[in-house]
Amino acid sequence: MPPGVTVTFKGGGHGAPAYRIPPEHVGLRVAREALRSVYGQEPLMVGMGGSIPICDTFREALGMDTVFFSFAVGDENIHAPNEFFRLTRFQEGAQAWSAYFGALARSRDSVATAGG
C-alpha cells in the first residue's frame, strides 16, 4: 500500500462452499468424449469454477451437478477490458455441445437398457 493508506478487511459471512464435481461423473465422461470428437485428441481436464455459488445451489436444490464446458483460451482475456473471442470457437463450441448431448443421450439410453 502507498504510504498513508490503510486497508481493513472484514469478513461478512457471505460466500459459498467450494464445489467439485465427482471425477467419475457421467457428465465429465461425456464431456471428454465430446471434446475428443471435435478436436481429435484427449482433452485436458482442469478445475475451474469451484467458487461459483450457483453450483452448490444447484446441487442442494436440484440434486444436479454442473459441468463447465469452455471454449475460450487464456490469451482471450475473458472478463478483462481487452477481452475477445475467436469466431472459430463458436463453431467448435456448437459441434462440442451437439456431441455432448448426443453422447449424454446414448449414455442415458445404455443405463435405461441395462435396468439402471
Side-chain angles (χ1 to χ4, degrees):
M1 299 303 310
V5 175
T6 302
V7 175
T8 304
F9 294 95
K10 296 180 182 179
H14 300 289
Y19 174 82
R20 182 172 185 255
I21 189 170
E24 68 281 354
H25 192 280
V26 65
L28 293 179
R29 182 180 51 76
V30 167
R32 286 190 297 270
E33 182 180 330
L35 292 171
R36 198 178 307 112
S37 75
V38 171
Y39 294 105
Q41 62 187 26
E42 193 62 29
L44 176 64
M45 302 298 289
V46 286
M48 62 181 277
S51 63
I52 298 177
I54 197 68
C55 296
D56 189 60
T57 302
F58 284 155
R59 181 182 278 164
E60 281 188 30
L62 304 173
M64 301 169 72
D65 285 301
T66 304
V67 174
F68 288 93
F69 213 47
S70 177
F71 297 93
V73 293
D75 72 337
E76 293 172 334
N77 300 320
I78 299 302
H79 302 307
N82 60 343
E83 73 177 325
F84 66 97
F85 192 74
R86 290 179 177 85
L87 294 179
T88 56
R89 299 288 181 242
F90 284 110
Q91 182 180 16
E92 293 166 0
Q95 290 171 344
W97 276 109
S98 178
Y100 181 90
F101 288 124
L104 186 61
R106 286 188 301 277
S107 174
R108 298 291 183 191
D109 287 344
S110 65
V111 169
T113 302

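We number each residue from 1, following the sequence as shown.
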Legend entry - Verify same cluster id: F68, L62 (apolar side-chain graph, 4.5 Å): yes
Inset, instruction - Examine Y100 and L44 and state if one hydrophobic cluster contains both, with Ile, Leu, Val, Met, Phe, Trp and Tyr joined whenever side-chain heavy atoms are less than 4.5 Å apart. - result: no
Legend entry - Chi angles and distances behind the side chain to side chain contact (heavy atoms under 4.5 Å, CB included) call for L35, M45: CA-CA 11 Å; L35 292 171; M45 302 298 289; 5.8 Å; no
For [X] and [Y], work out which heavy atoms get closest and say how close.
X: I78; Y: A72; answer: CG1-CB, 3.7 Å
X: I21; Y: R59; answer: CA-NH2, 3.8 Å
X: F69; Y: A31; answer: CE1-CB, 3.5 Å
X: F84; Y: D75; answer: CE2-O, 3.2 Å
X: E83; Y: N77; answer: CB-O, 2.9 Å

Inset, instruction - Could you tell me whether a side-chain N or O of S37 sits under 3.5 Å from a main-chain N or O of A34, the two making a donor and an acceptor? - result: yes
Legend entry - Backbone N/O of V73 and side chain of E76: donor-acceptor pair under 3.5 Å: yes
Legend entry - Salt bridge present between E33 and R36 (N-O < 4.0 angstrom): no
Distance (rounded to the nearest 0.5 Å) between [X] [atom1] and [Y] [atom2]:
X: L104; Y: R29; atom1: CG; atom2: CZ; answer: 8.5 Å
X: Y19; Y: E60; atom1: OH; atom2: CD; answer: 11.5 Å
X: D56; Y: T66; atom1: CG; atom2: OG1; answer: 9.5 Å

Inset, instruction - Apply the test ring pair (Phe, Tyr, Trp, His ring centres under 6.0 Å) to residues F71 and F90: give CA-CA distance (whole Å), side-chain angles for both, the deciding distance (0.1 Å), then the verdict. - result: CA-CA 8 Å; F71 297 93; F90 284 110; 9.9 Å; no
Legend entry - Test item: R32 and E42 side chains (from C-beta on) under 4.5 Å apart, heavy atoms: yes
